[in-house]
Amino acid sequence: MTTGSMKVSRGRVNWLASWLTPLLASLGYLFFWPIPVEPQGWHAPKDKGYNGPHVRNEWLSGLNQVQLGAGQEGPEYIARHGDVLYTGLSNGDVLSLSTDGAQQAVVANTGGRPLGLAVAADGSLLVADAMRGLLRIRGQGAQAHIDTLLTEVDHPVAHDPVRYADAVEVSPDGRIWLTDASRRFGAKALGSTFEASVLDILEHSCTGRVIVLDAQGGQPKVALAGLCFPNGMVFSQDGQHMFLAETGTFRVLKVDQAKLATVRAADPAGVPRMEEVLQQGAAVVLLDNLPGYPDNLTRGEEGRIWVGLTKPRSPVLDMSAEHPWVRSLTLRLPRSLWPVPKAYGHVIAFNEAGRIVADLQDPTGAYPETTSATEANGRLFIQSLHAHTMGWKPYLASLQPH
């Protein structure tokens, strides 16, 4: 080989290495760089889109706004107690408001992220704080006193922390029920409820659970496990059924409380998993294949139960359900390339039989991440994860789309 030929060969090798090396490095990063999740395969039902009972409309557009104070945002859940509304905000404030929004007062600051709220029989306020666990607030303002009711459970695993307290409800028999949305991703550890929820839903390992405490303050126990990010929760009017939003599977479940207690569980500690409960007829899927991710549940007038769809479905995420490697690769991309669905306002009302009686939307998503709705004195207040105001509209069931 001549000197000239050798120079040409070396030039080709160098040229090849100049683009092959970064290519291999990029492929190695996309497929092998450590990520915090271990995506699991599952079958996502085909998205039917906005048709049938979910036909597109603009009822939620042009909401009236109740202004919040400086540094206050994210009225993620709104509880009604008589003529008073309570909501938790991202700065840790728990706020009380009159139903016209004119009177506002900070009940207390939890130092965490208050989400679900419920008023107990003694008038105290129960708070599901995603970063601090289950709390009880007595009094208000300077006289407020915060007690920590639950940060871990010893059933079935000793000293098992509550990582993502989400919703709290009091059943008619006085027991306190709490959804712990994920045992894998804690809001406090990640510094964000949104971050923890996104990672849990992308992984789909279904480690969420429902915890129950009896009215006398006895030992808390796990009543139901194996849930894919359990979120909102309400009880039927007769107290015999629990309605549960399972965010990660686009569905709302109806659990028979009496039958739940008789489920034969494979777990040595006797904790039933959701698939066992469904298989043994202790629960049914009441709403399935929703066009978005269901969040909070609230009871309304005339038997209505409201659920918010905090984000619409993502075709990329639906496609990758049966291909976990795609979700792994996605998490290695810059966040700007993540397939996060755009904002889309959407709340739905259904009855205890599962019939949809209202479907209200704003395709522009001007009021972001609609988590549910609360009826109060002729107004429908819209809950939001990130809004800087509380949106509302006058509400008459006969005047909205069915």
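Note that the coordinates shown come from a computational prediction; the quantities given were computed from them, not determined experimentally.
Under the side chain to side chain donor-acceptor pair (under 3.5 Å) criterion, the residue pairs touching residues 98-108 are Ser98-Asp100, Thr99-Asn377, with sequence neighbours excluded.
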Show, in sequence, the C-alpha distance, side-chain angles and deciding distance for Val307 and Val347, and conclude whether the side chain to side chain contact (heavy atoms under 4.5 Å, CB included) test is met. CA-CA 6 Å; Val307 61; Val347 297; over 6 Å; no
Can you check salt bridge (charged side-chain N to carboxylate O under 4.0 Å, His left out) on Arg209 and Asp180, steps first, answer last? CA-CA 5 Å; Arg209 55 191 177 174; Asp180 184 13; 3.0 Å; yes
Would Asp200 and Ser182 count as a side chain to side chain donor-acceptor pair (under 3.5 Å) here? Give the steps. CA-CA 7 Å; Asp200 190 272; Ser182 175; 2.5 Å; yes
Carefully, step by step, assess Gln383 and Thr370 under the rule side chain to side chain donor-acceptor pair (under 3.5 Å). CA-CA 6 Å; Gln383 305 165 14; Thr370 46; over 6 Å; no
Determine, step by step, whether Glu195 and Val198 satisfy the side chain to side chain contact (heavy atoms under 4.5 Å, CB included) criterion, reporting the C-alpha distance in whole Å, the side-chain angles of both residues, the deciding distance to 0.1 Å, and the verdict. CA-CA 5 Å; Glu195 180 89 359; Val198 168; 6.0 Å; no
Side chain to side chain contact (heavy atoms under 4.5 Å, CB included), that's the test. Do Glu352 and Gln237 meet it? Break it down for me. CA-CA 9 Å; Glu352 293 191 2; Gln237 292 178 322; 3.5 Å; yes
Between His346 and Asp359, is the side chain to side chain donor-acceptor pair (under 3.5 Å) condition met? List the steps. CA-CA 7 Å; His346 201 168; Asp359 188 285; 2.9 Å; yes
Go through the steps to decide whether Lys311 and Glu369 satisfy the test side chain to side chain contact (heavy atoms under 4.5 Å, CB included), and finish with yes or no. CA-CA 6 Å; Lys311 287 281 191 183; Glu369 285 90 36; 3.2 Å; yes
Working note: Arg80 + Glu375, criterion salt bridge (charged side-chain N to carboxylate O under 4.0 Å, His left out); need CA distance, chi angles, decisive distance, verdict. CA-CA 8 Å; Arg80 177 190 180 185; Glu375 295 184 53; over 6 Å; no
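No salt bridge links Glu276 with Arg264; every basic N to acidic carboxylate O contact stays at or beyond 4.0 Å.
Partners of Tyr86 by ring-ring contact (aromatic ring centres under 6.0 Å, His included), not counting sequence neighbours: none found. Applying the ring-ring contact (aromatic ring centres under 6.0 Å, His included) test to Tyr164 and every residue at least two apart in sequence or in another chain returns Phe229.
Crowding of Glu58 atom CD: a count of heavy atoms from other residues, nucleotides or ligands under 6.0 Å not exceeding 12. Heavy atoms from other residues, nucleotides or ligands lying under 6.0 Å from NZ of Lys221 number 12 at most.
Side-chain contact, Asp129 with Thr110: a donor N or O sits under 3.5 Å from an acceptor N or O. Side-chain atoms of Arg251 and Thr249 include a donor-acceptor pair closer than 3.5 Å. For the residue pair Glu152 / His159, a side-chain donor-acceptor distance below 3.5 Å is found, with atom types taken as modelled. Side-chain contact check for Glu38 and Ser205: no donor-acceptor pair (N or O, by modelled atom type) lies under 3.5 Å.
By the 4.5 Å heavy-atom criterion applied to side chains, Glu246 and Val252 are not counted as neighbours. For the pair Ile382 and Leu63, the minimum side-chain heavy-atom distance is below 4.5 Å. The side-chain heavy atoms of Met390 and Leu68, taken from C-beta on, include a pair separated by under 4.5 Å. Met233 has its side chain out of reach of Leu178: every pair of non-hydrogen atoms, C-beta onward, lies at least 4.5 Å apart. Between Arg113 and Ser90, some side-chain heavy-atom pair lies under the 4.5 Å cut-off. Looking at heavy atoms from C-beta onward, Val284 lies out of side-chain contact with Leu278 at the 4.5 angstrom threshold. At a threshold of 4.5 Å between non-hydrogen side-chain atoms, the residues Leu227 and Leu244 count as touching. Using a 4.5 Å heavy-atom cutoff, the side chains of Leu360 and Leu380 are in contact.
Note that the CD atom of Gln65 and the NE2 atom of His388 stand 11.5 Å from one another [nearest 0.5 Å]. Interatomic distance, Glu322 CD to His43 NE2, rounded to the nearest 0.5 Å: 6.0 Å. In this structure, Ser61 OG and Lys393 NZ are separated by 5.0 Å, a value rounded to the nearest 0.5 Å. The CD atom of Gln72 lies 11.0 Å from the CD atom of Gln67; values are rounded to the nearest 0.5 Å. The distance from atom CG of Leu95 to atom CG of Asn109, rounded to the nearest 0.5 Å, is 11.0 Å. Within the model, atoms OG of Ser314 and CD1 of Ile201 stand 11.5 Å from one another, a figure rounded to the nearest 0.5 Å.
Heavy atoms only, all atoms of each residue included: Ile146 and Ala108 are closest at CD1-CB, 4.0 Å. The two residues Gln361 and Asn57 make their nearest non-hydrogen contact at N-OD1, 2.9 Å. Here the closest non-hydrogen pair linking Lys254 and Leu286 is CD-CD1, 4.1 Å. The shortest heavy-atom contact between Pro36 and Phe185 is O-CE2, 3.4 Å. Here the shortest heavy-atom pairing between Pro272 and Val263 reads CB-CG1, 3.7 Å. Contact detail for Tyr77 and Thr87: the closest heavy-atom pair is O-OG1, 2.7 Å.
A donor-acceptor contact shorter than 3.5 Å is absent between the side chain of Arg132 and the backbone of Ala165. Asn289 places a side-chain N or O within 3.5 Å of a backbone atom of Lys46 that can act as its donor or acceptor partner. With hydrogens and angles ignored, the 3.5 Å screen pairs a side-chain donor or acceptor of Asn351 with a backbone N or O of Arg355. Side chain of Thr371 to main chain of Glu76: a donor-acceptor pair is present (N/O by atom type, distance under 3.5 Å, no hydrogens or angles). Panel note: side chain Ser192, backbone Phe194; a donor-acceptor pair is recorded below 3.5 Å. A donor-acceptor contact shorter than 3.5 Å links the side chain of Thr330 to the backbone of Val326. At distances below 3.5 Å, at least one donor-acceptor pair connects side-chain atoms of Arg327 with backbone N or O atoms of Ala321.
Taking the six-membered ring where the residue is Trp, Trp42 and Phe250 present tilted rings, their angle falling between 30° and 60°. Note: Tyr50 and Tyr344 have parallel aromatic rings, judged against thresholds of 30 and 60 degrees for the angle between ring planes. Under the 30°/60° scheme for interplanar angles, the aromatic rings of Trp325 and His323 are found to stand perpendicular.
Under the side chain to side chain contact (heavy atoms under 4.5 Å, CB included) test applied with Arg138, the options Leu125, Val107, Asp122 reduce to a single match, Asp122.
For Tyr367 and Trp59, the ring centers sit 6.0 Å or farther from each other. In this structure, the ring of Phe235 has its center less than 6.0 angstrom from the ring center of Trp177.
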